[in-house]
Number of protein chains: 4
Amino acid sequence: MTDQSRPGRKRSEQSRQAILVATLELAAEAGYGALTVEGIAARSGVGKQTIYRWWPSKADVLLDALATKADLQVPIPDEGSFRADLALFLDRTYALGTKSQVADTLRALMAQAQIDPEFGKRFREDFLFRRRDALGEIVERARERAELPAGVGPGTVIDVVFGTLWYRLLATREPIGPEMAGELVALLAPTSG
Amino acid sequence: MTDQSRPGRKRSEQSRQAILVATLELAAEAGYGALTVEGIAARSGVGKQTIYRWWPSKADVLLDALATKADLQVPIPDEGSFRADLALFLDRTYALGTKSQVADTLRALMAQAQIDPEFGKRFREDFLFRRRDALGEIVERARERAELPAGVGPGTVIDVVFGTLWYRLLATREPIGPEMAGELVALLAPTSG
Amino acid sequence: MTDQSRPGRKRSEQSRQAILVATLELAAEAGYGALTVEGIAARSGVGKQTIYRWWPSKADVLLDALATKADLQVPIPDEGSFRADLALFLDRTYALGTKSQVADTLRALMAQAQIDPEFGKRFREDFLFRRRDALGEIVERARERAELPAGVGPGTVIDVVFGTLWYRLLATREPIGPEMAGELVALLAPTSG
Amino acid sequence: MTDQSRPGRKRSEQSRQAILVATLELAAEAGYGALTVEGIAARSGVGKQTIYRWWPSKADVLLDALATKADLQVPIPDEGSFRADLALFLDRTYALGTKSQVADTLRALMAQAQIDPEFGKRFREDFLFRRRDALGEIVERARERAELPAGVGPGTVIDVVFGTLWYRLLATREPIGPEMAGELVALLAPTSG
DNA sequence: TATTAAGCGAGACGGTACGTCATGTCTTTAG
DNA sequence: CTAAAGACATGACGTACCGTCTCGCTTAATA
């Protein structure tokens with residue numbers, strides 16, 4: 001319906017896939033620092049122009065590759081209580097962080113978002129804020145049910161959850177585990193009425 | 001004790017200062033992405049080799065410049081209660097984050113630490129872990145006085161504090177403010193016995 | 001036959017010309033010692049890579065420039081006698097050596113051929129030996145007609161001619177003139193039967 | 001008479017020798033192109049300043065080293081006839097050129113003399129012209145005895161001799177041998193009265 | 001017997017050019 | 001019009017040497 005019939009050759013899905021696969025492989029093999037547009041083009045047997053035509057930067061290619069491969073869309077749980085919802089949310093996130101390739105890629109993207117302001121904007125809007133919104137739904141329900149800790153607003157709860165996750169990813173490089181998830185739940189969703 | 005008197009010309013303190021100043025200026029003016037060793041050398045009137053002789057990478061120069069200029073060593077408060085100590089710690093950190101130049105530099109360093117593993121190791125050991133240790137002392141005293149929230153270990157408290165700070169710096173780009181500091185205190189150091 | 005129609009952009013003849021011109025100008029202005037690839041690139045408005053892509057060293061660029069500009073291919077005379085042929089050959093060579101720019105360039109190339117063995121091989125094969133072959137034809141005809149001095153082989157005659165030319169170019173820096181040419185003819189192609 | 005007695009430490013003959021030896025070794029091992037002042041200093045255990053204090057350039061060091069080691073002063077023969085003198089002169093020169101290290105060094109010096117005009121002047125005056133003068137004596141005696149070929153002046157004879165020697169050294173890289181020496185004698189000092 | 005003036009090894013310094021790499025654009029031929 | 005190929009101008013990289021300049025230390029001649 002969108003571009004139903006334009007003249008000219010169609011975008012090659014084969015090239016697109018080859019680019020995304022090559023990008024993930026190269027990033028995994030030598031790290032994001034060694035990832036180059038030239039390298040991606042060479043590995044995928046594609047012209048550089050084909051990459052520049054469809055993505056604004058190599059970080060966007062990587063983000064696209066990650067999104068295409070790993071399903072980053074953690075579904076929003078609704079278990080009836082904030083405690084259960086948060087536990088499930090953290091558990092699913094934990095599963096993601098376990099795959100070191102996904103973790104490494106997220107690290108690289110967050111890094112690039114700091115260095116390249118244009119990509120930073122896209123990364124925040126297309127990825128970070130969507131994740132915030134997902135958790136936001138859970139927290140909003142908690143707020144309505146008065147399940148949040150006293151004196152702590154919804155925004156802060158979200159910041160604490162994602163902050164802890166990202167900090168462990170970026171700084172200590174020990175992605176969150178079940179114990180840590182348990183402690184976060186204890187902190188943010190205490191049992192007492 | 002180490003190299004008290006070796007033969008040969010001594011390191012030029014003047015060049016060192018010129019390099020650090022030029023580095024901060026360039027990073028502030030055009031952003032870390034535009035910071036180059038050549039640029040630093042040109043601006044500071046120094047040969048490139050002099051930079052490579054003393055620092056392993058431009059990120060190390062920037063870290064050195066930041067450490068030399070802004071006193072990042074937040075002193076460890078001891079006000080008698082975890083609540084007061086944490087509040088003071090956050091307040092002082094808040095003051096730091098307010099200076100946008102410091103915040104921008106920290107963002108760039110954390111980013112570079114993800115992309116360049118060698119620098120990452122140094123950044124963690126020379127900066128991040130020292131900051132952890134500082135807060136660690138406060139939290140340890142709190143643990144001894146049983147002032148920590150139930151079911152939450154000292155390590156987690158530290159992760160939550162720094163995580164929230166860094167997340168706001170990197171992701172939402174709204175460095176912590178007094179309200180947020182208050183909510184963190186409410187969450188981590190509740191008044192009730 | 002070689003690369004009739006490959007995909008990809010064609011080599012820019014404009015860049016090639018600009019490089020050769022800039023090379024000759026720079027060598028003339030400041031001498032071969034001051035000739036640098038960077039300088040050539042800057043003067044000709046070309047990327048360094050474009051130079052490295054097509055020539056192995058700056059000496060090769062200079063040789064190419066010389067060959068393209070000054071027609072070094074002295075035609076082989078055939079006047080019927082060795083005496084006349086040699087006189088004409090020396091006269092034409094004399095004309096070349098008169099242009100100080102050509103003389104300076106030849107000096108530099110011969111020098112570089114000594115210092116850089118790889119270029120030396122190319123210089124000998126692409127330039128020196130071709131010149132030898134040209135004179136070789138003349139001398140061979142002389143040998144057939146028994147016009148060579150007694151007890152002196154063709155190879156030696158060639159060595160003496162080019163040796164004297166080069167020696168005056170390199171050592172005394174007084175390129176050959178008409179009188180010297182006359183004496184060489186008297187020595188190598190005596191009139192008496 | 002010059003600097004009979006000044007205060008201060010005397011020039012270290014040991015360092016001088018070490019420098020000259022290191023220079024010859026390095027030039028022999030990796031070629032003149034790889035010869036550097038830093039390399040000489042490192043190999044000889046000497047400070048760079050000590051080299052710069054006594055020699056204007058590395059080529060001068062090499063020339064000094066060659067002059068100190070190989071006795072380049074070919075004595076002027078006086079055998080009674082030009083034919084015999086020239087034969088002896090060529091024979092002695094041939095002996096020199098046989099040692100490939102000497103030949104390589106001469107090649108490098110002649111090359112450097114083209115590229116570095118200041119050294120070129122010194123090389124010509126201190127080396128090339130002295131050699132010319134030596135042969136000049138022989139030729140002058142021949143001229144007085146009317147032993148030179150008809151129509152060929154003394155200067156040209158010298159140019160032909162050295163020209164041929166140098167050309168074979170630089171261009172064909174086949175230093176003169178006994179047969180070639182014989183042919184040169186036949187050409188320049190014919191037997192006929 | 002000091003003092004003073006060079007020479008010395010070491011090595012840091014401001015420079016310049018090197019040859020390589022990657023960028024993002026442009027041009028050519030093929031589908 | 002898209003694609004692969006590949007040349008192009010640009011600009012930074014990290015390295016190698018250049019020739020100069022301190023350093024702290026000998027080593028002599030002079031006072």
Side-chain angles (χ1 to χ4, degrees), chain A residues 6-12 14-15 34-42 44-54 56-58, chain B residues 5-12 14-16 18 34-42 44-54 56-58, chain C residues 3-12 14-16 34-42 44-54 56-58, chain D residues 3-12 14-16 18 34-42 44-54 56-58:
Chain A
R6 280 182 305 159
R9 188 170 173 173
K10 284 201 184 112
R11 176 171 185 183
S12 160
Q14 183 180 324
S15 289
L35 187 66
T36 65
V37 174
E38 296 222 312
I40 298 169
S44 58
V46 139
K48 283 199 293 176
Q49 196 64 257
T50 302
I51 298 176
Y52 285 114
R53 193 164 9 237
W54 302 108
S57 79
K58 66 185 177 187
Chain B
S5 70
R6 284 182 308 153
R9 187 173 175 172
K10 291 219 176 90
R11 177 172 184 182
S12 160
Q14 183 180 325
S15 291
R16 181 174 179 272
L35 186 67
T36 65
V37 174
E38 295 220 313
I40 298 170
S44 59
V46 139
K48 279 200 290 177
Q49 197 62 252
T50 299
I51 298 176
Y52 285 113
R53 189 160 20 231
W54 300 109
S57 78
K58 66 184 177 188
Chain C
D3 57 353
Q4 192 175 353
S5 71
R6 285 181 306 155
R9 188 173 177 171
K10 289 221 175 92
R11 177 173 183 180
S12 161
Q14 183 180 325
S15 291
R16 180 175 179 271
L35 186 67
T36 65
V37 174
E38 295 220 313
I40 298 170
S44 59
V46 139
K48 281 200 290 179
Q49 198 63 256
T50 300
I51 298 176
Y52 285 114
R53 190 163 16 234
W54 301 109
S57 77
K58 66 184 178 187
Chain D
D3 58 352
Q4 193 174 353
S5 68
R6 281 181 306 158
R9 190 172 177 172
K10 284 201 180 120
R11 176 172 184 181
S12 161
Q14 183 180 323
S15 289
R16 181 174 180 273
L35 187 67
T36 65
V37 174
E38 297 221 311
I40 297 169
S44 58
V46 138
K48 282 200 293 176
Q49 195 64 261
T50 301
I51 298 176
Y52 285 113
R53 187 155 26 225
W54 302 108
S57 78
K58 67 183 177 188

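Fair warning: this is a prediction, and the values are worked out from it, not measured in the lab. Reminder, nothing fancy here: chain letters follow the sequence lines and each chain counts from 1.
Mapping C:Val37 and A:Ala34 onto DNA chain E by nearest heavy atom places C:Val37 closer to the 5' end of the strand.
No cation-pi contact links D:Arg16 to D:Trp54, judged by a cut-off of 6.0 Å to the six-membered ring centre and 45° from its axis.
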Between protein and nucleic acid, restricted to nucleotides 10-12 of chain E and to nitrogen or oxygen atoms under 3.5 Å apart, what atom pairs and distances do you find?
unit_1: E:dA10; atom_1: N3; unit_2: B:Gly8; atom_2: N; d: 3.4

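Rounded to a whole Å, the OH atom of B:Tyr52 is 15 Å from the C1' atom of E:dG15. Taking atom CD1 on C:Ile40 and atom P on F:dA9, their separation rounds to 14 Å, with Å as the unit. Between the CD1 atom of B:Ile51 and the C1' atom of F:dT15 there is a distance of 14 Å, given to the nearest Å.
Under the side-chain contact (heavy atoms from CB on, under 4.5 Å) criterion, D:Arg9 pairs with no residue, sequence neighbours left out. Applying the side-chain contact (heavy atoms from CB on, under 4.5 Å) test to C:Gln14 and every residue at least two apart in sequence or in another chain returns C:Ser12. Under the side chain to side chain donor-acceptor pair (under 3.5 Å) criterion, B:Thr36 pairs with no residue, sequence neighbours left out. Checked against side-chain contact (heavy atoms from CB on, under 4.5 Å), D:Arg53 has the following partners two or more places apart in sequence or in another chain: D:Gln49, D:Thr50. Shown here are the side chain to side chain donor-acceptor pair (under 3.5 Å) partners of B:Glu38, two or more places apart in sequence or in another chain: B:Lys48.
Phosphate contact (OP1/OP2 of F:dA9, side-chain N/O of C:Ser15, threshold under 4.0 Å): present. Residue C:Thr36 places no side-chain N or O under 4.0 Å from the OP1 or OP2 atom of E:dT16.
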